[in-house]
Amino acid sequence: MDFVNILGVHVNKYTMDDAVAKASELMESDSLSMIFTPNSEILLYASENPQFTDVLNSADMIVADGIGVVYGAKILGNPLKERVAGYDLVCNLFPVMAQKGKSVYLLGAKPGVAELAAENLVKKYPGLVIAGTHDGYFKNDDEVIADINAAAPDFLMVCLGFPKQENWIYNNRQALNAKLAIGAGGCLDVFAGTVKRAPEFYCNHGIEWLYRLIKQPSRFVRMLALPKFGLKVLFKGRQYK
């Protein structure tokens, strides 16, 4: 079995290398493939919203974005090989794409952020093609889809925050002319430099959540999802098939 069922969501037991190889393979497909990267907050939300669980499980690849998901798998006795954060997955995928001259379309964040992210990405990954950009403050899906389809990107990064980004990809999957789409949260802000990612110490020890809490104490209420998720996995996790 190459996945672990965590509160109903089938999280793939991939290493980072596995995930990059799989993503590269999916990028060669004729129809749109999807990657979702849930953390414990997203899995908890999915467990309370069965329709969203179905959306997540429709993906071609689901990887563990947060350390809480890794711990959840351990609690269930079906451990993941490692954490595969969405940001790290994209950063590992870009050099492969650059080598092949593949293109990416950046969708999301505030006006101007995607463009700044694009400028930084082409500097960091020479050979990477930016197919297009669009901010996340749009009301007309058709116009955005038309722009994406005209660009025909190999890779579509949708950074609208959960559950909007996953639902958006899922609901428009048959209309999008792209090879691979990923729900990538706040990646564009980090690539643009408008938000700093946690220092390596926090990332390497699985405590990025603590860094974000220190920087944004207002996130405290959201952080309550972590212990709630752990308790739900501990007491109810084995009921999911």
Quick one: does [X]'s side chain get under 4.5 Å of [Y]'s, heavy atoms only?
X: Ser103; Y: Phe155; answer: no
X: Phe52; Y: Pro38; answer: no
X: Met61; Y: Tyr14; answer: yes
X: Leu44; Y: Ser47; answer: yes
X: Leu76; Y: Val233; answer: yes
X: Trp168; Y: Leu107; answer: yes
X: Ile182; Y: Val158; answer: no
X: Val69; Y: Leu43; answer: yes

For a quick test of reading the model, state the closest non-hydrogen atom pair linking [X] to [Y] and the distance between them.
X: Thr53; Y: Ala46; value: OG1-O, 2.7 Å
X: Val11; Y: Ala64; value: CG1-N, 3.8 Å
X: Gly136; Y: Leu160; value: CA-CD2, 3.7 Å
X: Val4; Y: Ala73; value: CG1-CB, 4.1 Å
X: Leu188; Y: Cys159; value: CG-SG, 3.6 Å
X: Gly183; Y: Phe36; value: N-CD2, 4.4 Å

Straight-line distance of [X] [atom1] to [Y] [atom2], nearest 0.5 Å:
X: Asp65; Y: Phe162; atom1: CG; atom2: CZ; answer: 11.5 Å
X: Ile35; Y: Leu89; atom1: CD1; atom2: CG; answer: 5.5 Å
X: Phe3; Y: Asn57; atom1: CZ; atom2: CG; answer: 8.5 Å
X: Asp2; Y: His10; atom1: CG; atom2: NE2; answer: 10.5 Å
X: Ile42; Y: Asn49; atom1: CD1; atom2: CG; answer: 12.5 Å
X: Gln99; Y: Leu128; atom1: CD; atom2: CG; answer: 12.5 Å

Is a side-chain donor or acceptor of [X] paired with a backbone partner of [Y] at a separation under 3.5 angstrom?
X: Gln165; Y: Gly185; answer: yes
X: Asn177; Y: Asn149; answer: yes
X: Asn140; Y: Glu143; answer: yes
X: Thr194; Y: Asp189; answer: yes

Can Asp135 and Val113 be said to form a side chain to side chain contact (heavy atoms under 4.5 Å, CB included), step by step? CA-CA 7 Å; Asp135 66 71; Val113 172; over 6 Å; no
Check this for me: Gln51, atom CD, are more than 12 non-hydrogen atoms of other residues, nucleotides or ligands nearer than 6.0 Å? no
Does one hydrophobic cluster hold both [X] and [Y], with members joined at side-chain heavy-atom distances below 4.5 Å?
X: Tyr87; Y: Val20; result: yes
X: Phe229; Y: Ile75; result: yes
X: Tyr240; Y: Val9; result: yes
X: Tyr137; Y: Met157; result: no
X: Leu121; Y: Leu116; result: no

Go through Lys102 and Glu28 one step at a time and tell me if the side chain to side chain contact (heavy atoms under 4.5 Å, CB included) criterion holds. CA-CA 10 Å; Lys102 297 288 188 180; Glu28 301 299 331; 2.9 Å; yes
Does a donor on one side chain sit under 3.5 Å from an acceptor on the other, for Lys22 and Asn12? no
What I want to check is whether the side chains of Tyr105 and Asp147 have a donor and an acceptor closer together than 3.5 Å. yes
Which residues pass the side chain to side chain contact (heavy atoms under 4.5 Å, CB included) test with Lys179, sequence neighbours left out? Met27, Asp154
Parallel, tilted or perpendicular: rings of Phe94 and Phe191 (30°, 60°): tilted
Within 45 degrees of the ring normal and closer than 6.0 Å to the centroid, is that where the cationic atom of Lys228 sits relative to Tyr45? no
Chi angles and distances behind the salt bridge (Lys or Arg N to Asp or Glu O under 4.0 Å) call for Lys124, Glu119: CA-CA 9 Å; Lys124 187 172 183 178; Glu119 291 177 15; over 6 Å; no
Between Glu82 and Lys13, is the closest basic N to carboxylate O distance under 4.0 Å? no
Flag the pair Arg83 and Asp88 as a salt bridge only when some basic side-chain nitrogen lies within less than 4.0 angstrom of an acidic carboxylate oxygen. no
Dump the intermediate steps for side chain to side chain contact (heavy atoms under 4.5 Å, CB included) on Lys81 and Asp18, then the final yes or no. CA-CA 10 Å; Lys81 293 178 181 178; Asp18 293 335; 3.7 Å; yes
Worked verdict on Val104 versus Leu156 for side chain to side chain contact (heavy atoms under 4.5 Å, CB included): CA-CA 6 Å; Val104 59; Leu156 171 62; over 6 Å; no
